[in-house]
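Below is one structure, written out as structure tokens; the observations come after it.
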There are 2 protein chains.
Amino acid sequence: MADICGRADGRFVMAGDSPGRTTYRVVQTEILRRITGGPWGPGTLLPTEEDLAQQFGCARATINRALREIDELGLIDRRRKSGTRVRLAPVRQARFEIPLVRAEVEATGAAYRYSLVHREMPDAPDWLRARLNLAPGAVALHLICMHFADGAPYQLEDRWINITALPQAEDHDFDLQGPNEWLIATVPFSEVEISFEATAAGVAEVTHLNHRSGDPVFHVKRTTWWQGAAITHVGLSYRAGHRMTARY
Amino acid sequence: MADICGRADGRFVMAGDSPGRTTYRVVQTEILRRITGGPWGPGTLLPTEEDLAQQFGCARATINRALREIDELGLIDRRRKSGTRVRLAPVRQARFEIPLVRAEVEATGAAYRYSLVHREMPDAPDWLRARLNLAPGAVALHLICMHFADGAPYQLEDRWINITALPQAEDHDFDLQGPNEWLIATVPFSEVEISFEATAAGVAEVTHLNHRSGDPVFHVKRTTWWQGAAITHVGLSYRAGHRMTARY
DNA sequence: CAGTGGTCTAGACCACAAC
DNA sequence: TTGTGGTCTAGACCACTGG
């Protein structure tokens, strides 16, 4: 937390900042301090924005921005007419970045390598037709790929692409570039549903990730839509011991 | 996406909204449309805020707010002097709410039940001393609890509490209320590190969650700090088939 | 009905970074 | 040096909602 000093004139300034100007960050920090450690415990009704603006010696817009961001953190509850109240139990949330495998691997300092294991275009199985909302008898592009970190298996990718919605995929060569990178370049802004679970290693994981049959596998499923149409569904299996971490 | 109409005077208004006033949401929606489906593909340099303000017929502050939020979505990259550019690959992130077990269970419509399985106060093991930064020879409160959904095992909680930092915990009775609920009421605003992984069922999971030995388990580890001191560390094991989902 | 937050405006100064 | 975003201000009107 930044150093804050209350001055004789009632203004607050960030230590080391040019005085005379109250920034919204200073207000934010001070209000957070009062909520998390000070007099404004859970359930407290805060002063109105106007009052706070007077107390801090700044414009109401500055208070508003500070409070709006504290609201986004899930610590307070704001309502017209009722005012701003400290939540009894803060709404906790964690944010995870969803990186490209390449970036994920290279961030660890390891060398990244990609390899296409399998490619075919069969009739879409029933579960996929349901997931991607495909017509009966539709075919889909099925790719199995491996991602390596310093030569060691890192992630197994089992992907299906809806070639009705994305016919360019049929002619694209996925030998050198992973389908995810191609898709991000082709359909950069999409809607995504992602889920995480623990599964047991099957034949594919045993073959490609050096798991033993039945070993626990950290598994991700992801479905992507673009302009209302389902584009692709992918299953990602990670090497043993993979862990996803966040702070909040 | 909301309906947008461009008017003869160059202003944009939300369909059904009172005309004559351009809201930041309208600006946002229109800019998003241009980025995700229109002329402003990846890499495009956007007009300056001032230019956009003129084009939309609104104040620069309105444009600023619209762009700031699009920036938070990870779609654009903003820099002084350089301007605002559409990211080549959007920075994707998923947000997960971290609910109380009780809320998690009750959200599914099931009845929630809690039970304290085990309680003791041994010397802290080495790995815990390292994790919570405890003095050599320190004792810690160890609790094992079960959470049920409609009578079926839902989550196994293996928790350690630092009683040096939180001495009230020693005298509290955890028979009726889970330690998490007590902690949230006692230490509402804390720093958290959380991680997810797939592990193999051990003795505890076999005993309490009806897993078979070695079964894949979705496992969460969480460490919590308050005012610089580590308060508690908990391991959460979920029933078979548990899945965590988000959209973005 | 009236209090409170939600948002817009016009103008201003500043900080940073590319040149 | 200068262009661009970052932020503050003072004032205003509006929308929601509790009493």
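Within every chain, numbering begins at 1; the chains are lettered A, B, ... in the order of the sequence lines, protein sequences first and strands thereafter.
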Stepwise salt bridge (Lys or Arg N to Asp or Glu O under 4.0 Å) test for B:E30 and B:R25: CA-CA 8 Å; B:E30 172 60 18; B:R25 286 178 189 285; over 6 Å; no
Side-chain donor-acceptor contact under 3.5 Å, A:T44 with A:R85: no
D:dG6 phosphate, OP1 or OP2, under 4.0 Å from B:R65 side-chain N/O: no
Residues in salt bridge (Lys or Arg N to Asp or Glu O under 4.0 Å) contact with B:R243, at least two apart in sequence or another chain: A:E197
Rounded interatomic separation in angstrom, taking CD from B:Q54 and P from D:dT4: 13 Å
For B:R68, all residues meeting side chain to side chain donor-acceptor pair (under 3.5 Å), sequence neighbours excluded: B:N64
Any N/O donor-acceptor pair, A:R60 side-chain to C:dT7 base, under 3.5 Å: yes
Check residues 172-186 of chain A and write down every donor-acceptor pair under 3.5 Å in which the side-chain atom is one partner and the other belongs to a residue at least two apart or another chain.
unit_1	atom_1	unit_2	atom_2	d
A:H172	ND1	A:W182	NE1	3.2
A:D173	OD1	A:D175	N	3.0
A:E181	OE2	A:R102	NE	3.0
A:T186	OG1	A:W182	O	2.7

A:R247: side chain to side chain donor-acceptor pair (under 3.5 Å) partners, not counting sequence neighbours: B:E193
Whole-Å distance separating the CG atom of B:L52 from the P atom of C:dT9: 14 Å
Spacing of A:E50 atom CD relative to D:dC13 atom C1', expressed in whole Å: 14 Å
Phosphate-side-chain proximity, A:N64 and C:dT7, N/O vs OP1/OP2 below 4.0 Å: no
Separation of C:dC14 C1' from A:Y24 OH (nearest whole Å): 15 Å
Integer-rounded Å distance: C:dG11 P and B:I63 CD1: 16 Å
Contacts of type side chain to side chain donor-acceptor pair (under 3.5 Å), residue B:R92, not counting sequence neighbours: A:S190
Nearest-Å distance for atom pair CD/C1', residues A:Q28 and D:dC8: 15 Å
Side-chain N or O of A:T62 closer than 4.0 Å to phosphate OP1/OP2 of D:dT9: yes
Protein-nucleotide distance (A:R85, atom CZ; C:dG3, atom P), rounded to Å: 18 Å
Distance, rounded to the nearest Å, where A:E49 contributes CD and D:dC13 contributes C1': 15 Å
Strand contacts (DNA chain C) in residues 66-83 of chain B, 4.0 angstrom heavy-atom criterion: B:R80, B:K81, B:S82
